[in-house]
Amino acid sequence: EVQLQASGGGLVQAGGSLRLSCAVFGLSFDQYAIGWFRQGPGLEREGISCINKHDKFTYTAPSVKGRFTISSDDAQNMVYLQMSSLKPEDTGVYYCAATSEDFGMGMFRVDEVHYWGKGTLVTVSS
């Protein structure tokens, strides 16, 4: 059974850091890219970072580049999102997701996601 389990969200002050974790079950990193999406209050879900082992690249959206870093522990089937210099506009529910689509060298879209994990809430206070 495929499962993606996101954790690590919480309440943090602006300028602080959090590390999100995504435990991946039932998928091979060689066949699936794993990414992080977020959905802020009243906003659409947006892709912010992904790691693609098959094509050997990572992608981070310009809005978070330099502050967020995606990484993986292949032996543990874990994907992480290290978030630093957090801003109130980073507030939202963060989801990890997987796709086996050939989506190019960027971020896969919501409609390309094959599997979603349950979200973890990140709240950044000003």
Side-chain angles (χ1 to χ4, degrees):
E1 181 186 2
V2 175
Q3 287 189 30
L4 289 84
Q5 297 177 354
S7 60
L11 174 63
V12 63
Q13 287 189 329
S17 299
L18 281 175
R19 189 177 81 156
L20 305 184
S21 300
C22 178
V24 180
F25 302 93
L27 295 178
S28 166
F29 283 5
D30 287 337
Q31 295 178 317
Y32 284 82
I34 308 296
W36 289 96
F37 291 74
R38 71 181 178 189
Q39 187 163 16
L43 301 176
E44 293 186 354
R45 196 169 297 188
E46 61 170 341
I48 54 174
S49 192
C50 71
I51 188 163
N52 185 327
K53 294 289 186 178
H54 181 267
D55 294 331
K56 299 180 175 59
F57 74 88
T58 62
Y59 171 85
T60 303
S63 59
V64 300
K65 198 171 183 67
R67 300 188 297 120
F68 290 12
T69 303
I70 194 169
S71 63
S72 68
D73 181 338
D74 295 3
Q76 299 294 324
N77 265 32
M78 296 290 295
V79 176
Y80 304 100
L81 187 69
Q82 179 67 47
M83 307 186 295
S84 59
S85 301
L86 283 161
K87 304 175 182 179
E89 52 262 43
D90 294 319
T91 292
V93 180
Y94 284 68
Y95 301 87
C96 58
T99 186
S100 62
E101 296 282 342
D102 182 7
F103 57 92
M105 298 293 285
M107 179 69 201
F108 53 101
R109 302 187 309 266
V110 169
D111 63 355
E112 292 173 315
V113 172
H114 290 165
Y115 300 100
W116 288 101
K118 291 184 180 179
T120 186
L121 177 63
V122 173
T123 304
V124 184
S125 63
S126 57

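Atoms considered below: every heavy atom in the structure, side chains included; atoms not considered: hydrogens, waters and symmetry mates.
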query: How would you list all residue pairs meeting side chain to side chain donor-acceptor pair (under 3.5 Å) that involve residues 78-95, not counting sequence neighbours?
result: Arg38-Asp90, Arg38-Tyr94, Arg45-Tyr95, Arg67-Asp90
query: With a 4.5 Å heavy-atom cut-off, do Leu81 and Val79 have their side chains touching?
result: no
query: For Asp111, what residues pass the side-chain hydrogen bond (donor to acceptor under 3.5 Å, both in side chains) criterion, not counting sequence neighbours?
result: Arg109
message: List the residues meeting side-chain hydrogen bond (donor to acceptor under 3.5 Å, both in side chains) with Lys53, not counting sequence neighbours, and say none if there are none.
response: Ser72, Asp74
message: Suppose clustering is done on Ile, Leu, Val, Met, Phe, Trp and Tyr with side-chain heavy atoms closer than 4.5 Å. Which residues sit in the same group as Phe25?
response: none
- prompt: With sequence neighbours excluded, what pairs up with Gln76 under the side chain to side chain contact (heavy atoms under 4.5 Å, CB included) test?
  reply: Asp73, Met78
message: How close do Val113 and Ala97 get, counting heavy atoms only, and between which atoms?
response: CG1-CB, 3.7 Å
- prompt: Under the 3.5 angstrom rule, does the side chain of Asn52 hit a backbone N or O of Phe57 as a donor-acceptor pair?
  reply: no
Common cluster, Val64/Phe108, ILVMFWY with side-chain heavy-atom separation under 4.5 Å: no
- request: List the steps, then state whether side chain to side chain contact (heavy atoms under 4.5 Å, CB included) holds for Thr60 with Ile48.
  value: CA-CA 6 Å; Thr60 303; Ile48 54 174; over 6 Å; no
- prompt: According to the side chain to side chain donor-acceptor pair (under 3.5 Å) rule, which pairs have a member within residues 113-126, sequence neighbours left out?
  reply: Ser100-His114, Glu101-His114
- prompt: From Met83 CE over to Leu20 CG, what is the distance, rounded to the nearest 0.5 angstrom?
  reply: 4.0 Å
- line: What one should report as the nearest heavy-atom pair of Ala98 and Leu27 is CB-CD1, 3.5 Å
query: Would a hydrophobic clustering, with Ile, Leu, Val, Met, Phe, Trp and Tyr connected at side-chain separations under 4.5 Å, put Leu4 with Met107?
result: no
- request: Provide the closest heavy-atom pair for Ala33 versus Phe103 in the form atom of the first, atom of the second, distance.
  value: CB-CE2, 3.6 Å
- prompt: Given the rule that I, L, V, M, F, W and Y join up when any side-chain heavy atoms are under 4.5 Å apart, are Phe68 and Ile51 in one cluster?
  reply: yes
- request: Verify the cluster assignment for Val124 and Leu121: are they in a single hydrophobic cluster under the rule of side-chain heavy atoms below 4.5 Å apart?
  value: no
- request: Group every Ile, Leu, Val, Met, Phe, Trp and Tyr by side-chain heavy-atom contacts under 4.5 Å, then state whether Tyr59 and Trp36 land in the same group.
  value: no
- line: So CG of Asn77 and CD of Gln3: to nearest 0.5 Å the spacing works out to 12.5 Å
- request: Could you list all the disulfide (SG to SG under 2.5 Å) pairs where at least one residue sits in residues 86-126, not counting sequence neighbours?
  value: Cys22-Cys96
task: Give every residue pair that meets the side chain to side chain donor-acceptor pair (under 3.5 Å) criterion with at least one member in residues 11-33, sequence neighbours excluded.
output: none
